[in-house]
Undergrad: 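Here it is: the structure, laid out below.
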Amino acid sequence: MFEIPKTPPKTYTIKDYRTTAKSIYASLTQSGDSNNFTGSENYWQLGCVFDTLLDYMAEAVKADPSESSTATQLVSATWAKLTTLKKKESTGYYGYWYDDYGWWGIAANKSTMKEYSPFFKNEFKTDANGNVITEADNFKDFANYCWSTMINGKNDGLHFGADNVWDKCDQTFFARVAPKFSGGVWQYDIFKEKRAANLEDNQTNSNPSTPVNIILKDGKYSIISTADLDAKVEAYKKAHPDEPDTSFGNIISLIENEENETIYTACGLGPFQLTVVNGLYLILGLRIGNSTSNAASNKVFSFIKDWVNVDEKGVNPLIHKTLKLASERISCYKNNDAVYNYHADHFWGGDQGLLIGGMVDFIKNNPDNPDVKTALDIVDQIIEGVCTNMQKDGKVYPWYPVDYVSPTDLTHPQPAPAPMEIWDYPGGSGIFMRYLLYAFKQNESLRSDILNNKHGVRDFIINSANACQEGTLPSIQNGMAADNLWDWQNQLAVLTMAIHLLDYEATHPKGHLN
């Protein structure tokens with residue numbers, strides 16, 4: 001049940017929320033700040049935050065049409081930033097994982113939506129036939145490029161597409177990581193041999209379900225186990241007792257400098273089917289909206305449905321039966337071996353939001369499909385789970401459990417959902433709110449539930465927005481430059497949701513809210 005704060009919250013107006021949101025937007029996009037949207041070079045995070053920025057600008061322009069110039073400036077600056085993030089190689093844009101393209105593809109595809117398309121109208125260039133190409137054209141092309149990469153890979157003999165990973169790998173060699181359910185997409189491709197020049201995955205042929213670490217020295221690659229790397233770090237600490245910063249990341253950097261080597265640390269994101277990449281793939285495919293993308297996305301929906309409804313001993317369903325939260329990754333492989341770093345009781349807010357978005361888009365594209373009931377039920381459970389468990393004192397948190405211990409200790413980052421992901425997961429609050437807003441806008445049934453405070457969700461939104469006003473929205477400080485990026489994105493998404501909610505209520509007479 002939703003936890004009501006012990007003291008009644010102060011009442012803020014929609015004007016208060018708009019004023020605070022405008023200030024946060026300014027901080028998030030201020031030129032010259034390396035810790036915000038303008039200064040960051042983290043590819044997927046920028047795509048994610050751009051999505052939230054567009055939602056905010058839609059609300060700002062609706063209230064004050066003069067803000068449209070700010071919106072177009074944002075779009076132009078974002079395209080320029082994307083251009084600088086292109087790889088020098090011929091492999092395309094600067095993305096390592098298939099989900100990278102999902103975040104950007106979804107945000108870029110907003111250029112095709114009526115609510116956002118006016119922001120994308122600046123002239124960009126003229127083609128060979130004298131036709132003016134606008135930023136809308138460029139972002140639409142970019143969205144299609146992102147989808148093409150997700151479904152087809154990069155045509156480089158290494159990346160074959162998120163849904164082709166299992167089909168393209170040596171299934172005899174990798175039999176121990178065969179997927180439990182067919183139809184789901186994967187985070188990246190897996191190979192018998194490690195890719196010396198393409199270390200996105202850091203996998204070897206020895207144990208593909210367990211991450212390893214690779215050291216590059218004198219032009220040669222060698223493998224070091226996680227245990228041996230930990231021992232190497234501890235040995236450095238003992239040899240340098242006066243070192244003030246003993247965090248894992250800092251010690252690794254010092255070792256690299258002292259021993260003139262590069263250490264690629266372990267990656268725990270595969271090979272297996274993550275909720276995040278399946279959610280992104282489902283959303284982007286349905287929004288691209290051609291026959292191929294719809295068929296591919298519907299295949300992922302079937303995978304999600306199988307995962308939700310699994311009734312097999314030793315296999316956990318996607319949605320936790322009591323917490324009503326969606327798992328971050330699948331629990332086991334076909335042979336029932338546990339997936340690396342699976343935590344049965346750890347959940348990320350970003351996954352909850354993506355599944356809401358995917359279900360809403362599935363319903364939009366398939367209104368007469370009997371599985372609409374399943375999709376609505378998934379959304380209802382997730383909203384209940386987040387409002388009940390992914391909050392404290394009525395304020396949204398980026399993950400569950402909410403009590404985070406030693407976030408800067410990379411060796412023991414419990415209870416974070418998984419090691420090495422504390423840099424990314426603090427944005428979960430904003431991602432959830434962004435897709436809750438999408439559900440409110442797009443689905444009449446879900447909008448009615450929110451307006452009627454089902455599961456305490458309306459109170460949850462307002463309490464979280466009030467926390468933004470008072471500077472008390474949970475902030476996960478992890479010592480990285482992404483701190484401000486995520487803090488501001490989370491607050492902006494919460495306030496944008498609250499602004500739209502209050503504006504809708506003010507413009508729709510009671511009893512006619514739909």
Side-chain angles (χ1 to χ4, degrees), residues 41-48 82-83 85-109 141-174 177-179 182-205 208-209 211-212 214 216 221 264-285 288 290 292-293 295-297 299-300 303 329-330 340 354 424:
E41 292 189 354
N42 187 304
Y43 190 79
W44 88 264
Q45 292 181 6
L46 290 170
C48 175
L82 266 174
T83 303
L85 291 177
K86 281 185 178 181
K87 276 188 173 180
K88 293 181 180 179
E89 296 82 6
S90 60
T91 50
Y93 287 79
Y94 180 76
Y96 290 121
W97 312 83
Y98 285 122
D99 78 275
D100 289 349
Y101 299 96
W103 296 107
W104 268 113
I106 291 167
N109 185 251
D141 289 345
F142 182 50
N144 289 327
Y145 163 80
C146 289
W147 171 248
S148 177
T149 303
M150 289 193 85
I151 193 170
N152 298 318
K154 298 183 180 181
N155 299 315
D156 60 357
L158 292 172
H159 307 87
F160 299 102
D163 57 348
N164 296 319
V165 171
W166 180 247
D167 293 338
K168 294 291 186 180
C169 78
D170 185 330
Q171 294 183 8
T172 300
F173 188 86
F174 289 108
V177 296
S182 62
V185 298
W186 299 56
Q187 186 74 321
Y188 56 75
D189 303 83
I190 52 177
F191 301 91
K192 252 187 174 183
E193 305 298 332
K194 69 179 176 67
R195 291 172 282 179
N198 295 273
L199 289 168
E200 297 108 0
D201 54 330
N202 296 355
Q203 294 294 331
T204 70
N205 59 11
S209 67
V212 297
I214 297 174
L216 171 61
Y221 292 90
Y264 298 89
T265 52
C267 175
L269 288 177
F272 43 78
Q273 295 145 322
L274 275 169
T275 302
V276 61
V277 71
N278 280 276
L280 290 163
Y281 187 99
L282 178 61
I283 294 168
L284 182 56
I288 292 295
N290 58 45
T292 300
S293 68
S297 293
K299 186 178 176 183
V300 168
F303 161 76
R329 61 188 70 182
I330 202 160
Y340 175 80
L354 291 172
D424 292 330

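Fair warning: this is a prediction, and the values are worked out from it, not measured in the lab. Values below: all heavy atoms of this structure, side chains included; hydrogens, waters and symmetry mates excluded. This chain uses plain numbering: 1 for the first residue, then up along the sequence.
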Undergrad: Do Pro179 and Trp186 come within less than 4.5 Å of each other through their side chains, counting heavy atoms only?
TA: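 Yes - at least one pair of side-chain heavy atoms lies under 4.5 Å apart.
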Undergrad: Is Thr292 close to Ile151 at the side-chain level, that is, under 4.5 Å between some pair of heavy atoms?
TA: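 Yes, their side chains come closer than 4.5 Å.
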Undergrad: To the nearest 0.5 Å, what is the distance between CD1 (Ile283) and CH2 (Trp103)?
TA: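 With rounding to 0.5 Å, CD1 (Ile283) is 8.0 Å from CH2 (Trp103).
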Undergrad: Okay, side chain of Gln171, backbone of Trp166: is any donor-acceptor separation there less than 3.5 Å?
TA: yes
Undergrad: Apply the test ring-ring contact (aromatic ring centres under 6.0 Å, His included) to residues Tyr101 and Trp44: give CA-CA distance (whole Å), side-chain angles for both, the deciding distance (0.1 Å), then the verdict.
TA: CA-CA 8 Å; Tyr101 299 96; Trp44 88 264; over 10 Å; no
Undergrad: Is it true that a side-chain atom of Asp163 and a backbone atom of Gly183 form a donor plus acceptor pair closer than 3.5 Å?
TA: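 No, because the side chain of Asp163 does not come within donor-acceptor range (under 3.5 Å) of the backbone of Gly183.
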Undergrad: Report the C-alpha distance between Phe303 and Leu282 in whole Å, list the side-chain angles of each, state the deciding distance to 0.1 Å, and finish with yes or no for side chain to side chain contact (heavy atoms under 4.5 Å, CB included).
TA: CA-CA 11 Å; Phe303 161 76; Leu282 178 61; over 6 Å; no
Undergrad: What I'd like to find out is whether the side chain of Trp104 reaches to under 4.5 Å of the side chain of Tyr43, using heavy atoms alone.
TA: yes
Undergrad: Using only atom types and a distance under 3.5 Å, with no angle test, would you say the side chain of Ser148 pairs donor to acceptor with the backbone of Asn144?
TA: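 No.
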Undergrad: Considering non-hydrogen atoms only, spot the tightest contact between Ser297 and Tyr281 and give its length.
TA: OG-O, 3.6 Å
Undergrad: Does the side chain of Val165 reach to within under 4.5 Å of the side chain of Val185, using non-hydrogen atoms?
TA: no
Undergrad: What is the minimum heavy-atom distance between Met150 and Tyr98, and which atoms define it?
TA: CE-O, 3.5 Å
